[in-house]
*Asks:* 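Below is a structure I'd like to ask you about.
Hydrogens, waters and symmetry mates are skipped; everything else that's a heavy atom, side chains included, is used.
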Protein chains: 2
Amino acid sequence: MKSAGKSNPEKRNATSEDVAQLAGVSQATVSRVFAGGANVSEKKRKKILDAAAELEYKPNAQARSLITRKTMMVGIIMRNIKDPFYSAVLEIFHTRLSPLGYQLIFNNSENEIIEEWEIAKLLEFNVEGIIVTDALLSEGATRKLKRSGIVSILFNRHAEGLNCSAVYCDNYLAAQQIATYLVEMGHRSFAFISGPRNTSTTVDRLKGFQEVLRERNIKELTIIPGTYTYESGFKSAQELLTRNKKIDCIFCGSDIIALGVMDAARLVGFRIPEDLSVVGFDNIRMLGWTPYPLTTWEQPLEDMVTSTVELLLKEIDDKNAAPRIIAMKGRLVIRNTVRKKK
Amino acid sequence: MKSAGKSNPEKRNATSEDVAQLAGVSQATVSRVFAGGANVSEKKRKKILDAAAELEYKPNAQARSLITRKTMMVGIIMRNIKDPFYSAVLEIFHTRLSPLGYQLIFNNSENEIIEEWEIAKLLEFNVEGIIVTDALLSEGATRKLKRSGIVSILFNRHAEGLNCSAVYCDNYLAAQQIATYLVEMGHRSFAFISGPRNTSTTVDRLKGFQEVLRERNIKELTIIPGTYTYESGFKSAQELLTRNKKIDCIFCGSDIIALGVMDAARLVGFRIPEDLSVVGFDNIRMLGWTPYPLTTWEQPLEDMVTSTVELLLKEIDDKNAAPRIIAMKGRLVIRNTVRKKK
DNA sequence: ATCTATTTTGAATACGTATTCAAAATAGAT
DNA sequence: ATCTATTTTGAATACGTATTCAAAATAGAT
């Protein structure tokens, strides 16, 4: 049992009832002024607004949501907030949702697949939707959300038959275009230092990349899965390059991985791009930094967030809308880590 | 007016009333089971839990908070989420607050001083507390929060007479120790590339740093304020070093600034640490990366968050507790960007 | 001034829970 | 078996709002 604390006689916040009394109207009319929409005579409206200002009245969001069945809250579950790509994602989501009156409940998870227990609290708080970045929802979690009438959207992932909307960058197409570019620049011996092996992200990119190599009859592709971190990229590249000096070019699963790869390569003695080409993915802001002029694939971050929010709102409005999976294009950003081989 | 959407007959979530009916008890008893604390006979408790499981019942947080006057929500306002130091801060706050049942409402702000309008929504949502990182609250905002019974705590800032608790790293002490170390390493000509000029962070550090220089009768200190970004550090250093080749050592307001400084210095032709020493502040994870073996001041991040949360809980429990300002020590982390001058 | 159509208003109610208070049930002692 | 002390229970209520429904007020036409 919790102590109630030594708080004051608890001066409570003003309620619509208090405002009504001071303004000499009914609570219903006060509510009409603040809920908007309904007609209130100018005279009373002014009285009410004055009274509200004097009492510093603000509507109580919990009481309101009990009636309207709209909590105006959205949960966001992030797995990789330390990656600057995802810091940016969070910031943009806030920028988009805040003007719409939605509050963003932040959640962290270490898990590749979000299970039911991780969303239990969000369910109790009746968020209207959940955005999951860089992770999947378990089948159980998806079902539970569906039954509870809570919209869920995967950001930067997608999953077959999960009955859940998703917005992601078309990794298959991106990898194809990257591979084509690299082959045209004369490279023949590749490595793909990727994120976790079985995620859609990795699978799609590998598929696109391999397809191009196959068409051109290029056999040399070493695949090294890992995590989306500098350290993982560093370690993978270090091992790879001390073992196999013949690699022409490394395609990285993310920019952060690529930074680790570049540092490891230089340490082992490779010059970039003279001895080794490196390509990243995401186009994080750090690529403007001197040591890392990385050629990369830009994800259309702003547009991806915009689409996600649109989808979210639409499904909140119509819970029976069929899930949609939106693949967005990106573009190759050429900097200075891919050389042209003669 | 919003369309209600084409939603289903809206299958509503189960309520305690539904559970009570199925279990053959009163709503009050169901509530007792889920609110905890009160006595309920084992027989009924089991019946209720079974019924709840069958109906997938979960308490409604909004309805609950209306009664208990506890929303179990905390707002966090961040100004610099792109800085990896603050990404880490956010992650740790979530890690600490989540097990306590608190939800974290994320807010972004560009502003150095948070005004009333920026916290208005958090007030409507009746968060129990607000954590402000890397920014201040305006006097108006502070007063308003106080009157509304909402706890506020500054993280990594403090302000005289703002009547608001704060947890920060003792920047004065840190700067003194850094300065002492640098002087002992033989440096005599300094620059301080800082964050915004009038923040407590900058003021305290400058004071500590200058004090040591004065004691040793060292006059050369160029002060260049800016923002806590790579770009700001880069630009400041570039201008400084092309103009003034005699600088021995640059003390930076944050690691991110230091990274920009190092890259700019190298571009201008300085070797680090042979020609120029650089010291950072924060000890972000990136300093493990090859190009940036930065000597820096480590902020006791985990402990700072822990203290902030403790303070938060205590003040939530006792709204009349006097604000406390907690300064925490850190430690010098010596890597490889400060040379010993003969 | 009178009548009708329209707008504005307030009383009553519901949202889903926790808690109070008194009654009922149970446990424990003899 | 009876009586008392303790535990368990349910009915009633309150939290603060939005909305419904019917009544009151107003606007507009003649």
Side-chain angles (χ1 to χ4, degrees), chain A residues 1-2 4 10-48 51-52 55-72 101 123-126 128 148-149, chain B residues 1-2 4 10-48 51-52 55-72 101 123-126 128 148-149:
Chain A
M1 194 92 315
K2 251 194 177 161
E10 284 284 344
K11 49 177 190 304
R12 297 190 7 249
N13 288 331
T15 70
S16 55
E17 199 71 62
D18 299 331
V19 174
Q21 209 163 333
L22 182 58
V25 300
S26 72
Q27 180 272 331
T29 306
V30 175
S31 182
R32 275 188 268 260
V33 168
F34 284 90
N39 282 332
V40 176
S41 69
E42 268 320 307
K43 214 174 92 190
K44 297 215 165 174
R45 177 185 301 274
K46 181 167 180 335
K47 268 194 173 177
I48 288 170
L55 299 174
E56 297 195 272
Y57 170 74
K58 55 187 182 345
N60 178 311
Q62 280 79 36
R64 169 177 286 177
S65 72
L66 219 48
I67 302 281
T68 59
R69 300 185 163 284
K70 284 189 72 66
T71 57
M72 298 308 283
L123 286 168
E124 282 189 25
F125 277 77
N126 300 296
E128 298 184 28
S148 304
Chain B
M1 191 97 311
K2 249 190 177 164
E10 284 285 343
K11 50 176 188 304
R12 300 193 2 253
N13 288 330
T15 69
S16 56
E17 200 69 64
D18 299 331
V19 174
Q21 207 162 335
L22 183 59
V25 301
S26 72
Q27 180 271 330
T29 304
V30 175
S31 183
R32 274 188 268 262
V33 168
F34 283 90
N39 282 331
V40 176
S41 69
E42 268 320 306
K43 214 174 92 191
K44 295 213 166 173
R45 177 185 302 275
K46 183 168 180 334
K47 266 194 174 175
I48 289 170
L55 298 175
E56 295 196 276
Y57 169 74
K58 55 186 181 349
N60 178 311
Q62 280 79 35
R64 169 177 286 178
S65 72
L66 219 50
I67 303 282
T68 59
R69 303 186 158 284
K70 283 188 72 66
T71 57
M72 299 307 284
L123 286 168
E124 282 189 26
F125 278 77
N126 301 296
E128 298 184 28
S148 304

*Asks:* Detail all sub-3.5 Å separations between protein N/O atoms and N/O atoms belonging to nucleotides 11-21 of chain C.
*Replies:*
from   : atom 1 : to      : atom 2 : distance (Å)
C/dC15 : O3'    : A/Arg69 : NH2    : 3.2
C/dG16 : OP1    : A/Arg69 : NH2    : 2.8
C/dG16 : OP1    : B/Arg12 : NE     : 3.4
C/dG16 : OP1    : B/Arg12 : NH2    : 3.4
C/dG16 : OP2    : B/Arg12 : NH2    : 3.1
C/dG16 : N2     : B/Ala63 : O      : 3.4
C/dT17 : OP1    : B/Tyr57 : OH     : 3.0
C/dT17 : OP1    : B/Asn60 : N      : 3.0
C/dT17 : OP2    : B/Ser16 : N      : 2.5
C/dT17 : OP2    : B/Ser16 : OG     : 3.1
C/dA18 : OP1    : B/Arg64 : NE     : 2.6
C/dA18 : OP1    : B/Arg64 : NH2    : 2.8
C/dA18 : OP2    : B/Ser31 : OG     : 2.2
C/dA18 : O5'    : B/Ser31 : OG     : 3.3
C/dA18 : N7     : B/Gln27 : NE2    : 3.4
C/dA18 : N6     : B/Gln27 : OE1    : 3.0

*Asks:* CG/A/Asn60 to CD/B/Gln62 distance, rounded to the nearest 0.5 angstrom?
*Replies:*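 One finds 10.0 Å between CG of A/Asn60 and CD of B/Gln62.
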*Asks:* When rounded to the nearest 0.5 angstrom, what is the spacing between CG in B/Asn126 and NZ in A/Lys58?
*Replies:*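 Between atom CG of B/Asn126 and atom NZ of A/Lys58 there are 5.5 Å.
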*Asks:* What pairs with B/Thr29 under side chain to side chain contact (heavy atoms under 4.5 Å, CB included), at least two apart in sequence or on another chain?
*Replies:*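 Residues passing side chain to side chain contact (heavy atoms under 4.5 Å, CB included) with B/Thr29: B/Val25, B/Ser26, B/Arg32, B/Val40, B/Ile48.
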*Asks:* Between B/Ile48 (CD1) and D/dT9 (C1'), how many Å, whole number?
*Replies:*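 The distance from CD1 of B/Ile48 to C1' of D/dT9 comes to 10 Å, rounded to the nearest Å.
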*Asks:* Name all residues meeting the side chain to side chain contact (heavy atoms under 4.5 Å, CB included) criterion together with A/Lys47; count only those two or more places apart in sequence or in a different chain, and write none if there are none.
*Replies:*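 With sequence neighbours excluded, A/Lys47 shows a side chain to side chain contact (heavy atoms under 4.5 Å, CB included) to A/Ala23, given in chain and number order.
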*Asks:* What pair of heavy atoms forms the shortest contact from A/Glu128 to A/Met72, and how long is it?
*Replies:*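 Looks like OE2-N, 2.6 Å.
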*Asks:* Out of curiosity, A/Gln27 CD to A/Thr15 OG1, how far, rounded to the nearest 0.5 Å?
*Replies:*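 OG1 of A/Thr15 is found 8.0 Å from CD of A/Gln27.
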*Asks:* Requiring both pairing distances under 3.5 angstrom, list the stems that contain DNA chain C and are made of three or more consecutive Watson-Crick or G-U pairs.
*Replies:*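 Paired runs of 3+ in DNA chain C: C:1-30 with D:1-30.
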*Asks:* Of B/Leu22, B/Asp18, B/Val19, which meets side-chain contact (heavy atoms from CB on, under 4.5 Å) against B/Val30?
*Replies:*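 Only one option passes, and that is B/Val19.
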*Asks:* Would you tabulate the pairs of protein nitrogen or oxygen atoms and nucleotide nitrogen or oxygen atoms of nucleotides 6-8 of chain D closer than 3.5 angstrom?
*Replies:*
from  : atom 1 : to      : atom 2 : distance (Å)
D/dT8 : OP2    : B/Asn39 : ND2    : 2.8

*Asks:* Whole angstroms only, please: what is the CD-P distance between A/Glu42 and D/dT26?
*Replies:*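 Distance, rounded to whole Å: 15 Å.
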*Asks:* Quick check on B/Glu124: does its CD atom have over 12 non-hydrogen neighbours (other residues, nucleotides or ligands) under 6.0 Å away?
*Replies:*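 For B/Glu124, atom CD is crowded (more than 12 foreign heavy atoms under 6.0 Å).
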*Asks:* Which heavy atom of A/Ala14 sits nearest a heavy atom of A/Tyr57, and at what distance?
*Replies:*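 Residues A/Ala14 and A/Tyr57, closest heavy atoms: O-CD1, 3.3 Å.
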*Asks:* List in chain and number order the residues that pass salt bridge (charged side-chain N to carboxylate O under 4.0 Å, His left out) with A/Glu56, two or more places apart in sequence or in another chain; answer none if no residue qualifies.
*Replies:*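 Applying salt bridge (charged side-chain N to carboxylate O under 4.0 Å, His left out) to A/Glu56 gives B/Lys144, B/Arg147.
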